[in-house]
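Encoded as structure tokens, the structure appears first; notes follow it.
Sequence lines set the chain letters: A, B, ... in the order given, protein chains first and strands last, and positions in each chain run from 1.
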Protein chains: 2
Amino acid sequence: MPLKKNVRKIRSPAPLPRAEGHRQTRREHAIEIAEDYAEAIADLTLETGEARVVDLAQRLGVTHVTVNRAIARLQRDGFVSSQPYRAIFLTEKGRHLASASKRRHELVVAFLISLGVSERVARLDAEGMEHHVSAETLAAFQGALPRKGQQG
Amino acid sequence: MPLKKNVRKIRSPAPLPRAEGHRQTRREHAIEIAEDYAEAIADLTLETGEARVVDLAQRLGVTHVTVNRAIARLQRDGFVSSQPYRAIFLTEKGRHLASASKRRHELVVAFLISLGVSERVARLDAEGMEHHVSAETLAAFQGALPRKGQQG
DNA sequence: CGAATAACTTAGCAATGGCTACATTGTTTC
DNA sequence: GAAACAATGTAGCCATTGCTAAGTTATTCG
Ligand SMILES: [Mn+2]
Ligand SMILES: [Mn+2]
Ligand SMILES: [Mn+2]
Ligand SMILES: [Mn+2]
């Protein structure tokens with residue numbers, strides 16, 4: 001029997017509509033690429049002195065064309081600055097995003113390893129999980145980490 | 001100094017190229033919607049007797065049009081069967097996906113709560129994290145869960 | 001220096017997944 | 001049974017994110 005009218009349901013204390021989780025997930029996905037690129041650009045700059053399109057493509061597992069267009073979006077959104085045929089640089093905003101992302105990423109990896117997950121799988125899973133770990137959950141991960149309680 | 005040729009680097013034991021994590025993440029994102037819809041359809045069918053477009057839209061936080069097109073893709077991929085103006089049903093394949101997804105989802109929520117994360121945030125974060133939790137990591141979550149070691 | 005090569009850019013295709021506006025079909029209600 | 005309404009479907013828009021093919025620019029090397 002389709003087309004049955006929605007009955008108004010009586011609820012007690014507003015129990016977190018399920019849609020909220022999906023909305024949050026979509027929001028996180030919308031900035032995920034910015035986070036991964038920022039991290040990669042920061043890493044490459046540190047490791048090799050500059051971030052080039054080809055190296056980003058290699059590291060992210062996409063073609064250089066995909067990187068090119070992503071960089072254009074990141075520049076539009078204020079995360080990087082770039083000029084034609086030159087290397088890519090993070091803006092202040094981009095550096096902040098990179099360092100926050102990098103810290104969270106490494107914490108997630110360390111936490112998974114501390115749980116007994118193999119390093120390989122920890123690194124693979126963390127690449128996706130990291131973007132959905134809120135501040136509260138990150139703090140819980142950090143708190144559950146064995147030693148060096150400070151932050152080292 | 002841009003346009004510097006890539007130097008061939010000498011490596012020892014093949015240390016998991018970083019691109020692999022990003023590739024895995026993209027693969028997971030490609031089936032994420034199927035997983036969430038399968039779960040939602042199974043839940044609604046159990047709770048209210050059938051899964052209707054409006055109820056799915058409500059639960060997933062999108063418009064009914066978005067649901068409609070998603071259902072078309074799911075049917076194309078063999079996860080659901082549907083006829084115009086009728087409710088939506090899971091295929092065998094869809095039911096399997098739903099039950100695996102539901103089990104993983106609930107385990108992730110329970111694990112986060114056991115870590116001290118508030119139920120609200122646990123539910124919000126789990127909605128995105130779940131799709132990136134591999135079998136190995138899920139087992140580690142389960143192993144770290146307080147009691148009822150079996151699976152209840 | 002000029003040719004070869006590597007890196008980068010541009011053009012254009014496709015799938016996904018969101019939307020609004022409008023059309024159609026079932027269900028309820030009078 | 002017809003009007004009103006709820007639900008579903010269709011048309012068409014847009015942004016993102018992947019791709020291949022072809023063109024352009026910078027670097028390197030003979
Ligand atoms: Mn990532
Ligand atoms: Mn994700
Ligand atoms: Mn779920
Ligand atoms: Mn989910």
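Taking only side-chain nitrogens and oxygens, R86(A) comes nearer than 4.0 Å to OP1 or OP2 of dT27(D). Distances shown here put every side-chain N or O of N68(A) at or beyond 4.0 Å from the OP1 or OP2 atom of dC8(C). For the OP1/OP2 pair of dT16(C) and a distance below 4.0 Å, the side-chain nitrogens and oxygens of R76(B) include at least one atom meeting the criterion. Here T66(B) does not reach the OP1 or OP2 of dG18(C): none of its side-chain N or O atoms lies under 4.0 Å away. At the phosphate of dT16(D), neither OP1 nor OP2 sits under 4.0 Å from any side-chain N or O atom of R73(A).
Other residues, nucleotides and ligands place no more than 12 heavy atoms under 6.0 Å from the CD atom of Q58(B).
Between I71(A) atom CD1 and dG18(D) atom P there is a gap of 12 Å when expressed in whole angstrom units. The interatomic distance linking I88(A) (CD1) with dT9(C) (P) rounds to 7 Å, in whole Å. If you take OH of Y37(A) and P of dT16(D), they are 13 Å apart, rounded to a whole angstrom. As a whole-Å value, the separation of L60(A) CG from dG18(D) P is 9 Å. For the pair R23(A) CZ and dC19(C) C1', the interatomic distance rounds to 14 Å; values are reported in whole Å. Rounded to an integer number of Å, the gap from CG of L44(B) to P of dA7(D) is 13 Å. Atoms CD (E35(B)) and P (dG17(C)) sit 12 Å apart, rounded to a whole Å. Rounded to an integer number of Å, the gap from CZ of R26(A) to P of dG17(C) is 11 Å.
Closest approach to the R52(B) side chain among dC8(C), dA7(D), dC19(D) is made by dA7(D) (side chain taken as heavy atoms from C-beta onward). Here the side chain of R69(B) is nearest to one of dT20(C), dT8(D), dG17(C), namely dG17(C). Closest to the side chain of H64(A), out of dC8(C), dG18(D), dT8(D), is dC8(C).
With a 4.5 Å cut-off on side-chain heavy atoms, H29(B) and E32(B) count as touching.
The base of dT24(C) sits with one of its N or O atoms less than 3.5 Å from a complementary donor or acceptor on the side chain of Y85(B).
A side-chain donor-acceptor contact under 3.5 Å links E136(B) and S118(A). With hydrogens and angles left out, the side-chain atoms of Q24(B) and R123(A) include no donor and acceptor closer than 3.5 Å.
Of the two residues contacting DNA chain C, namely A51(A) and D77(B), the nearest-nucleotide position lying further toward the 5' end is that of A51(A).
Of the candidates E39(A), E127(A), E47(A), E47(A) is the only one forming a salt bridge (charged side-chain N to carboxylate O under 4.0 Å, His left out) with R59(A).
Using a 4.0 Å heavy-atom criterion, one finds that V53(B) contacts the sugar-phosphate atoms exclusively.
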